[in-house]
A.B. asks: 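Here you go, one structure.
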Amino acid sequence: MENIYKINDIGQLLSENAYPGRGIIVGTTPDAMHAVFAYFIMGRSSNSRNRVFEEDGEDVIIYPADESLVEDPSLIIYKPVRKIGDDLIVTNGDQTDTVYEFMKEGKSFEEALRTRCFEPDAPNFTPRISALMHFTDGGYAYKMSILKSADEAGSGCNRYFYEYEALCGLGHFIHTYACDGNPIPTFQGEPERVAVDNDIDAFTDRIWNSLNSDNKISLYVRYVSFRDGSAQNRMINKNTRKNA
């Protein structure tokens, strides 16, 4: 029987999957010193690969690396990371802004995402994946979600929500695709349990070096101190932005 409490090596999961697509990892360091998130993007088409991450204060924005090559900006340019109060929103699309606006009005992560659906990119119908990191005095918990097509025709949207208490050394990993394919098969099941490193550079390198070299585009990692709320950030872009 499979051990449902197994904690996987993120490097192994990624190295065995040529195309997980876009991925979010949220968790806690083994020493209980930091809350952690990582977000990466990958791409197969020239439009998808033409992207870079840039920091905007404590937020992150995705821009085209070369604006002259942009074919369709609607699904590639968005804020994957936004901070609201002490909380952090991390998503793979413009639903970041939806969650932000709802929370600003005192509404919930779930309420916001019930107004959204998977991406309109038939035949893939790319899922929308999202996470919310909620900080309280001396405490921390997080939520994750995936919105995906109910069938191969995109006839309806299934919405899944997961809520986690922070456990030292444990992270949860959700990504858009199960693997490469045509159409690309959607992620299935619950977010995967993965180990988190105490050291941000080791964790960043483990993720980046394990992503498929042809398809990986950008990675952003943040460690937030439970002691004083300070943040360490690491950002890697395969491309360099032109015409900035």
Side-chain angles (χ1 to χ4, degrees), residues 6-43 49 51-63 65 79-83 86-92 96 129 131-135 140-142 144 164 166-176 191-241 244:
K6 177 184 177 181
I7 299 178
N8 298 285
D9 182 311
I10 186 63
Q12 182 177 353
L13 290 181
L14 292 174
S15 63
E16 294 175 349
N17 189 344
Y19 203 62
R22 285 166 274 173
I24 300 171
I25 304 161
V26 183
T28 310
T29 54
D31 61 11
M33 296 295 290
H34 295 90
V36 174
F37 83 78
Y39 178 61
F40 65 79
I41 60 174
M42 305 180 78
R49 290 179 173 179
R51 293 181 288 176
V52 295
F53 286 174
E54 289 194 5
E55 291 182 312
D56 179 22
E58 295 185 89
D59 297 347
V60 178
I61 304 177
I62 296 178
Y63 286 107
K79 276 192 172 185
V81 179
R82 292 193 72 174
K83 186 173 184 181
D86 292 328
D87 295 348
L88 286 166
I89 305 162
V90 186
T91 91
N92 74 324
T96 310
I129 55 174
L132 175 67
M133 303 169 70
H134 178 58
F135 296 87
Y140 158 67
Y142 55 96
M144 304 185 92
Y164 299 104
L167 296 179
C168 297
L170 177 64
H172 287 89
F173 173 38
I174 194 166
H175 42 102
T176 52
E192 297 164 311
R193 293 162 59 90
V194 296
V196 176
D197 293 328
N198 283 324
D199 182 81
I200 186 172
D201 291 311
F203 195 52
T204 301
D205 289 345
R206 188 187 310 277
I207 296 170
W208 184 251
N209 293 335
S210 301
L211 289 167
N212 180 273
S213 59
D214 292 330
N215 296 324
K216 65 184 179 183
I217 301 169
S218 296
L219 168 66
Y220 191 87
V221 180
R222 180 174 296 174
Y223 276 40
V224 180
S225 169
F226 291 125
R227 181 175 57 84
D228 59 11
S230 61
Q232 303 175 62
N233 304 315
R234 299 292 185 270
M235 183 170 66
I236 302 176
N237 286 309
K238 190 174 183 179
N239 301 315
T240 301
R241 189 180 179 199

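Because the structure is predicted, anything quoted here is derived from the model rather than measured.
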A.B. asks: State whether the side chain of Asn212 and the backbone N or O of Tyr19 hold a donor-acceptor pair below 3.5 Å, judged by distance alone.
C.D. replies: no
A.B. asks: Give me the atom names and distance for the closest heavy-atom approach of Ala65 to Asn239.
C.D. replies: CB-CB, 3.8 Å
A.B. asks: As an exercise, state the distance from CG of Leu132 to CG of Asp87, rounded to the nearest 0.5 Å.
C.D. replies: 5.5 Å
A.B. asks: State the CD1-CZ distance between Ile217 and Phe40, to the nearest 0.5 angstrom.
C.D. replies: 11.0 Å
A.B. asks: In this structure, which one of Ile62, Val60, Ile61, Asp56 forms a side-chain contact (heavy atoms from CB on, under 4.5 Å) with Val81?
C.D. replies: Val60
A.B. asks: State whether the side chain of Asp197 and the backbone N or O of Asp199 hold a donor-acceptor pair below 3.5 Å, judged by distance alone.
C.D. replies: no
A.B. asks: So if I apply the side-chain contact (heavy atoms from CB on, under 4.5 Å) rule between Phe173 and each of Leu14, Ile24, Val26, which one comes out positive?
C.D. replies: Leu14
A.B. asks: How far apart are the closest heavy atoms of Asn198 and Tyr223, and which atoms are they?
C.D. replies: O-CE2, 3.4 Å
A.B. asks: Consider only side-chain N and O atoms of Ser15 and Ser210, and report whether a donor and an acceptor are under 3.5 Å apart.
C.D. replies: no
A.B. asks: Any chance the side chains of Arg49 and Asn215 put a donor and an acceptor closer than 3.5 Å?
C.D. replies: yes
A.B. asks: Looking at the rings of Tyr142 and Tyr164, which for Trp means the six-membered one, are their centres under 6.0 Å apart?
C.D. replies: yes
A.B. asks: Which pair of non-hydrogen atoms, one from Asp86 and one from Phe135, has the smallest distance, and what is that distance?
C.D. replies: O-CD1, 3.0 Å
A.B. asks: So does Asp205 get a backbone contact from the side chain of Arg234, meaning a donor-acceptor N/O pair under 3.5 Å?
C.D. replies: no
A.B. asks: From His175 NE2 over to Asn92 CG, what is the distance, rounded to the nearest 0.5 angstrom?
C.D. replies: 12.5 Å
A.B. asks: Under 4.5 Å between any side-chain heavy atoms of Thr29 and Phe203, yes or no?
C.D. replies: no
A.B. asks: Can you measure from NZ (Lys83) to CZ (Arg222) and round to the nearest 0.5 angstrom?
C.D. replies: 7.5 Å
A.B. asks: Heavy atoms, side chains only, cut-off 4.5 Å: are Tyr220 and Asn233 in contact?
C.D. replies: yes
A.B. asks: Could you please spell out the steps behind the side chain to side chain contact (heavy atoms under 4.5 Å, CB included) verdict for Lys216 and Trp208?
C.D. replies: CA-CA 8 Å; Lys216 65 184 179 183; Trp208 184 251; 3.4 Å; yes
A.B. asks: Measure across Gly229 and Val224 and return the closest heavy-atom pair with its distance rounded to 0.1 Å.
C.D. replies: O-CG1, 3.9 Å
A.B. asks: Quick one: does Asn17's side chain have a donor or acceptor within less than 3.5 Å of a partner on Leu13's backbone?
C.D. replies: no
A.B. asks: Might you point out which heavy atoms bring Ser218 and Asn237 nearest each other, and give the distance in Å?
C.D. replies: OG-OD1, 2.6 Å
A.B. asks: Would you name the heavy atoms of Thr176 and Gly21 that are closest together and state the gap between them?
C.D. replies: OG1-CA, 3.5 Å
A.B. asks: Would you say His172 and Arg193 make side-chain contact, with heavy atoms under 4.5 Å?
C.D. replies: yes
A.B. asks: Atom CG of Leu219 and atom CE of Met235: how far apart are they, to the nearest 0.5 Å?
C.D. replies: 10.5 Å
A.B. asks: State, yes or no, whether a side-chain contact exists between Ile129 and Met144 at a heavy-atom distance under 4.5 Å.
C.D. replies: no
A.B. asks: Working to the nearest 0.5 Å, report the span between CZ of Arg51 and NZ of Lys238.
C.D. replies: 12.0 Å
A.B. asks: Quick one: are His34 and Ile200 in side-chain contact, heavy atoms under 4.5 Å?
C.D. replies: no
A.B. asks: Do Asp9 and Arg206 have side-chain heavy atoms sitting under 4.5 Å apart?
C.D. replies: yes
